[in-house]
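Below is one structure, written out as structure tokens; the observations come after it.
Start at 1 with the first residue, then count along the sequence.
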Amino acid sequence: GGVYRSRDNGMTWTPSWTGASGIGGAAALLYASDRLHVGLDQTVDNRQSIVATEDLGATWTASVDSRTTARDFLLHDGVIYAAQYGFEQGIAVSHDGGEAYVDSSNGMERNVNLNTLHAHGDVLFAGSSDGLYRSTDAGATWELLPGLGVVFSLVSQGDSLYVGLY
């Protein structure tokens, strides 16, 4: 597990977590604000976290509670959204490039299991085990849309939004 980097279009890979000990797996990656953000699936001491590096992995800084991580990230209009799982679940939002995150899960079921995040224009979507959540106010509030099952993936093309159901 962990984070690996290739500088030759995937022909060779080198570990990129030299400054962080005990990384067990990376559940989500996002490069934004000159930082690589990683949602750690699990560390060797069974802790989870969102960490970031600005120096190709020589040093890492934790951004949130060590019992919480991200399954997916979304960068939209300069804001980082994290689909949290672990001790805390729901949406966490960072307005400062990932230095700190605050909860933004208003309208979501408590302990919702999020799988994916997507922006379709100015509308945000979060796929979950409950179905599909939508926010029309930059993630301040969310509503569960009726009629869908477990949503694992989202993509849009033109005016169409596609969901991948499990």
Side-chain angles (χ1 to χ4, degrees), residues 1-6 9-10 13 16 23-33 35-43 47-52 63-166:
V3 178
Y4 287 76
R5 178 181 69 238
S6 174
N9 292 317
W13 296 91
S16 282
I23 293 177
L29 299 171
L30 172 72
Y31 189 83
S33 304
R35 302 174 76 189
L36 176 64
H37 305 265
V38 180
L40 298 180
D41 182 39
Q42 183 174 321
T43 61
R47 298 179 77 177
Q48 298 170 325
S49 185
I50 296 175
V51 297
S63 299
V64 297
D65 185 297
S66 64
R67 300 171 295 176
T68 301
T69 191
R71 180 166 283 152
D72 194 16
F73 291 107
L74 171 67
L75 177 64
H76 184 67
D77 289 340
V79 177
I80 299 174
Y81 298 85
Q84 297 182 106
Y85 75 99
F87 182 75
E88 295 290 332
Q89 296 185 9
I91 301 286
V93 177
S94 176
H95 295 276
D96 60 7
E99 293 289 330
Y101 288 83
V102 295
D103 182 68
S104 186
S105 304
N106 188 20
M108 291 186 165
E109 293 292 324
R110 183 171 172 81
N111 293 324
V112 63
N113 186 12
L114 296 176
N115 300 312
T116 187
L117 299 172
H118 184 71
H120 184 70
D122 287 332
V123 180
L124 305 180
F125 292 92
S128 76
S129 56
D130 297 335
L132 185 63
Y133 284 92
R134 174 178 64 190
S135 175
T136 58
D137 57 8
T141 60
W142 297 85
E143 66 174 317
L144 181 61
L145 302 178
L148 293 172
V150 178
V151 176
F152 268 96
S153 55
L154 296 161
V155 70
S156 56
Q157 191 278 323
D159 63 353
S160 297
L161 176 68
Y162 298 88
V163 297
L165 303 178
Y166 181 75

Working for side-chain contact (heavy atoms from CB on, under 4.5 Å), residues Asp72 and Asn115: CA-CA 7 Å; Asp72 194 16; Asn115 300 312; over 6 Å; no
Apply side-chain hydrogen bond (donor to acceptor under 3.5 Å, both in side chains) to residues Thr141 and Asn106 and explain how you reach the verdict. CA-CA 5 Å; Thr141 60; Asn106 188 20; 5.6 Å; no
Close side-chain approach of Glu143 and Met108, heavy atoms under 4.5 Å: no
I need the minimum non-hydrogen distance between His37 and Gly97, along with the two atoms involved. CE1-O, 2.9 Å
Does any non-hydrogen side-chain atom of Val93 lie less than 4.5 Å from one of Ile80? no
Quick one, Phe152 and Thr116 - any side-chain contact, counting heavy atoms below 4.5 Å? no
Considering all heavy atoms, the nearest Ser160-Tyr162 contact: CB-CE1, 3.9 Å
Interatomic distance, CG@Leu30 vs OH@Tyr81, rounded to 0.5 Å, equals 12.5 Å
Using side-chain heavy atoms (C-beta onward) and a distance below 4.5 Å, is Leu132 in contact with Leu154? yes
Using modelled atom types and a 3.5 Å cut-off, is there a donor and acceptor pairing between side-chain atoms of Ser104 and backbone atoms of Ala92? no
Is there a side-chain contact between Phe73 and Leu117 (heavy atoms, below 4.5 Å)? no
Keeping the roles fixed (side chain from Arg71, backbone from Ala27), state whether a donor-acceptor pair exists under 3.5 Å. no
Counting distance only, does the side-chain N/O of Ser6 pair as donor-acceptor with the main-chain N or O of Trp13 below 3.5 Å? no
Would you say that Leu165 contacts Val150 through its side chain, given a criterion of any heavy-atom pair below 4.5 Å between the two side chains? no
Anything under 3.5 Å between a donor and an acceptor, one on a side chain of residues 118-130, the other on a protein residue two or more places apart or in another chain? List them.
{"unit_1": "His118", "atom_1": "NE2", "unit_2": "Ser156", "atom_2": "N", "d": "3.4"}
{"unit_1": "His118", "atom_1": "NE2", "unit_2": "Ser156", "atom_2": "OG", "d": "2.9"}
{"unit_1": "His120", "atom_1": "ND1", "unit_2": "Ser156", "atom_2": "OG", "d": "3.1"}
{"unit_1": "Ser128", "atom_1": "OG", "unit_2": "Asp130", "atom_2": "N", "d": "3.0"}
{"unit_1": "Ser128", "atom_1": "OG", "unit_2": "Gly131", "atom_2": "N", "d": "3.2"}
{"unit_1": "Ser128", "atom_1": "OG", "unit_2": "Gly131", "atom_2": "O", "d": "3.1"}
{"unit_1": "Asp130", "atom_1": "OD2", "unit_2": "Tyr133", "atom_2": "OH", "d": "3.2"}

Of all heavy-atom pairs between Ala70 and Ala28, which one has the smallest distance, and what is that distance? O-CB, 3.6 Å
Is there a donor-acceptor pair under 3.5 Å between the side chain of Trp142 and the backbone N or O of Ile91? no
Hey, could you give me the CG/CD distance between Leu114 and Gln84, rounded to the nearest 0.5 Å? 8.5 Å
